[in-house]
Amino acid sequence: MRERQSGVSDDIRGVRARRAGVGAGAAFADQAVHYSNEMSAASMPKTPKTPKPVKTPVKTRGRPNSREAMLDAAQDVVLEGGAGKLTLDAVARRAGVSKGGVMYNFPTKEALLKAMVERLVEHNRHAHAQVTASLPDRPGRSLKAYVMNSVQALDVDDRVSGALLAALNSDRALLAPVADYFQGRFAKLVQDVPFEQAALVYLATEGLWTQELLQLSPFTAKQRAQMVRMLVRMAEPGQLAAAEALAAAEAAKPAPQGKATSKKGKS
């Protein structure tokens, strides 16, 4: 739900939550491996030994990594051709597996779509948790994290969500996990922020995300940055009341009177 954030405050620039979870060993796996051709005499075996035969692990169907690979393939199919091109055959071709292999994990297209939706929800939940953990523990923390996570540059998950809209609308059951997630998320957003304030920030943020997803946003980069800064400030408790008080004070000011255009008449 994202990095056209030019001019955004430092706390936004300092956070870039990833949608997809990254394994703890990823950084270590990327490190270069150094080999040495030197070997001490003591470490060299006197007589070469015949290595024992190593059994090749048997590949098990339905492993978590193969399931994720098939979901990645389904995601690619949707991004390239739209939800209408999503079929079990297309996923099998993209993943380089048999259709039976796909059906072992996802017996039907509906099961595949359901898994894709559930993964998108989990990615968003994880991203929100990451941003939340990076912020000070004070009122408005969850709402502020929601805004900061949602206004980041559109990523793969966002584009997949948009491409799946047509398919999701045709089957309300597929929307159930999304609806449950939205309800639970909003309940957290209003725990320590007034309902009206949280609702306004929520609707404005969702509107910005949707317009940018559909490439219909009317805002310039400068205008967007100004709006994002305002949304982040509005996520702080008391900001709505302060804005209302300022507006009321401005409205209560007497209208400026124009200069006199004529002199008083002589008596």
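Please read all numbers here as calculations on a predicted model, not as lab measurements.
Contact of the Asp157 side chain with the Gln75 side chain is registered, since non-hydrogen atoms from C-beta on lie closer than 4.5 Å. Using a 4.5 Å heavy-atom cutoff, the side chains of Leu213 and Thr210 are not in contact. Residues Leu113 and Thr108 form no side-chain contact, since every pair of their non-hydrogen atoms from C-beta on lies 4.5 Å or further apart. Between Val151 and Arg224, some side-chain heavy-atom pair lies under the 4.5 Å cut-off. Two residues are said to be in side-chain contact when any heavy atoms from C-beta on lie closer than 4.5 Å; Lys144 and Val131 fail this criterion. Residues His128 and Lys188 fail the side-chain proximity criterion, which asks for heavy atoms closer than 4.5 Å.
Side chains of Tyr146 and Glu206: a donor-acceptor N/O pair is present below 3.5 angstrom, by distance only.
The line from CG of Asp72 to CZ of Arg67 is 11.5 Å long, rounded to the nearest 0.5 Å.
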Report, one line per pair, each donor and acceptor closer than 3.5 Å where one atom sits in a side chain of residues 87-96; sequence neighbours left out.
residue : atom : partner : partner atom : Å
Thr87   : OG1  : Ala90   : N            : 3.0
Arg94   : NH1  : Glu80   : OE1          : 3.1
Arg94   : NH1  : Glu80   : OE2          : 2.9
Arg94   : NH2  : Glu80   : OE2          : 3.0

### Query
Please walk me through it: do Arg185 and Asp180 pass salt bridge (charged side-chain N to carboxylate O under 4.0 Å, His left out)?
CA-CA 9 Å; Arg185 181 178 65 181; Asp180 291 342; over 6 Å; no

### Task
Could you give me the CA-CA distance, side-chain angles and deciding distance for Tyr202 and Val147, then say whether side-chain contact (heavy atoms from CB on, under 4.5 Å) is met?
CA-CA 8 Å; Tyr202 178 81; Val147 174; over 6 Å; no

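Minimum interatomic distance between Pro237 and Val193 (heavy atoms only, all atoms of both residues): CG-CG2, 4.2 Å. Nearest heavy atoms, Ala163 versus Val78: CB-CG1, 3.2 Å.
Partners of Pro107 according to the side chain to side chain contact (heavy atoms under 4.5 Å, CB included) rule, which considers only residues two or more places apart in sequence or in another chain, are Ala111.
Residue pairs meeting the salt bridge (Lys or Arg N to Asp or Glu O under 4.0 Å) criterion with at least one member in residues 125-137, sequence neighbours excluded, are Glu122-Arg125, Asp137-Arg141.
Leu214 is not connected to Leu203 by any chain of hydrophobic side-chain contacts under 4.5 Å among Ile, Leu, Val, Met, Phe, Trp and Tyr, and they are in different clusters.
Here Lys114 pairs with Glu118 in a salt bridge; the nearest charged N to carboxylate O distance falls below 4.0 Å.
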